[in-house]
Protein chains: 2
Amino acid sequence: MKLTTKGRYAVTAMLDLALHYGEGPITLADIAQRQGISLSYLEQLFSRLRRQSLVASVRGPGGGYSLGKEAREIFIGEVISAVDENMDTTKCHGAHNCQNNERCLTHDLWSDLSNQIYTYLNNISLQDLMDRKAVREVADRQEHGDVDASLLDQVGTPAGV
Amino acid sequence: MKLTTKGRYAVTAMLDLALHYGEGPITLADIAQRQGISLSYLEQLFSRLRRQSLVASVRGPGGGYSLGKEAREIFIGEVISAVDENMDTTKCHGAHNCQNNERCLTHDLWSDLSNQIYTYLNNISLQDLMDRKAVREVADRQEHGDVDASLLDQVGTPAGV
DNA sequence: TACTTTCCCAACTAAAATAGTCAAGATTTC
DNA sequence: GAAATCTTGACTATTTTAGTTGGGAAAGTA
Ligand code: FES
Ligand code: FES
């Protein structure tokens, strides 16, 4: 599997979107600010998420993104796949040919592991995450502009705002 | 998690070692040949495996490597950890500080996923793998010098052997 | 219309990680 | 002492990651 910040950011951003459902379209600038992710990087990720219909977009002032379907119907595995390509851990990517065009000794092990991970992540929806107490707590912290010095340092403070 | 060829090779090599248990020390050259792995790369990996006591070594002619403990007692997770450092999927590596020194929205998700993977891989021993039919089949193929042209191409044919 | 806000897209890049190679040396056996 | 084997560390090409840069296109607002 490949689990990098790309996949992590995508899930975080989608969760942010889910948490602000009902407030109309959410701008990437908002998400970038709240979650501490680079705006341009988010644009890249959302380009992929949109192609998979995981999000819907509205352009122009007042525009932004919203979930492409209900939070209950969006699974973490989908989100990661959308941006990270594959969660496969085999070397042959399922082709059974990584050693001289034949199956290597450990193919089945990696294949089983992939299924394990795949099943796990595809049984957790954004709604499931939203229902978790720990997630609610972090979301509240982010909501209340509970901003400390380190945040200001990192994100950059627009003078006078 | 990081699952790269490093971890895959390590497990494959350890399994090869387990499969040839009882034939005395196995040379890395043999493993390299059978499994199609670069000898120098194997040396690097075994250096780490030895430091974790997963293998024992004997130098000189007739020397080689053998398992550091019984196949039943060596778990896949150990092998991967030995060469790949960590199977953690959190960004903060357990420190709960990846967003402005506080826990990010998705920490628990990655933490749970890591545990899932960790548990899975630490419950499969080399012996378990050896007992699998598919593994036996591949091992037999490798054993019988069932070598086709593509193998000769890849490994390089010592003239006259 | 002009202006602003937002999404959209493709190309570029610095830094890190991966998958090795290479060269030298230490032990042991014959 | 020669050969086989492990042992170690430094080096390197390639790929991947995590972005940046710079342009545009659509939509609302005055
Ligand atoms: S991982 Fe599929 S054949 Fe080796
Ligand atoms: S992954 Fe641990 S705080 Fe974000």
Item to complete: Please determine, for the side chain of Thr27(B), which listed nucleotide (dG19(D), dT6(C), dC6(D)) has the closest atom?
Response: dC6(D)
Discussion item. Check this one for me: any side-chain N or O of Tyr9(B) less than 4.0 Å away from OP1 or OP2 of dT18(C)?
Written reply: no
Practice prompt. Go through dC6(D), dA11(C), dC8(C) for me and flag the one nearest to the Arg50(A) side chain.
Written response: dC8(C)
Discussion item. I want to verify a distance call: between dA19(C), dC6(D), dC7(C), whose nearest atom is closest to the Arg59(B) side chain?
Written reply: dC6(D)
Item to complete: Kindly say whether Arg34(B) contributes a backbone atom to a donor-acceptor pair with the side chain of Gln99(A) at under 3.5 angstrom?
Response: yes
Worksheet entry | Set of residues satisfying side chain to side chain contact (heavy atoms under 4.5 Å, CB included) with respect to Asp131(A), sequence neighbours excluded | Gln127(A)
Fill in: Sidechain-backbone polar pair: Thr89(A) side chain, Trp110(A) backbone, donor-acceptor under 3.5 Å
yes
Discussion item. Of the listed nucleotides (dC8(C), dT17(D), dT18(C)), which one gets closest to any side-chain atom of Lys2(A)?
Written reply: dT17(D)
Discussion item. Counting only side-chain nitrogens and oxygens, does Ser57(A) get under 4.0 Å of the OP1 or OP2 atom of dT6(C)?
Written reply: no
Response to the item:
The nucleotide from dT21(C), dT8(D), dG19(D) with an atom nearest the side chain of Ser38(B) is dT21(C)
Worksheet item: Quick check: does any side chain N or O of Arg141(A) sit under 3.5 Å from a backbone N or O of Arg103(B), one acting as donor and the other as acceptor?
Response: yes
Worksheet entry | Gln44(B) CD - dT21(C) C1' separation (whole Å) | 9 Å
Discussion item. Of the options dA19(C), dT20(D), dC9(C), whose atoms approach the side-chain atoms of Thr5(B) most closely?
Written reply: dA19(C)
Worksheet item: Once you round it to whole Å, what is the distance between P of dA25(D) and CD of Glu43(A)?
Response: 16 Å
Worksheet, complete the sentence: Quick note, Pro61(B) side chain, CB onward, closest among dC7(C), dA4(D), dG19(D) is dA4(D)
Worksheet item: Does a side-chain N or O from Tyr41(B) land closer than 4.0 Å to OP1 or OP2 of dT12(D), or not?
Response: no
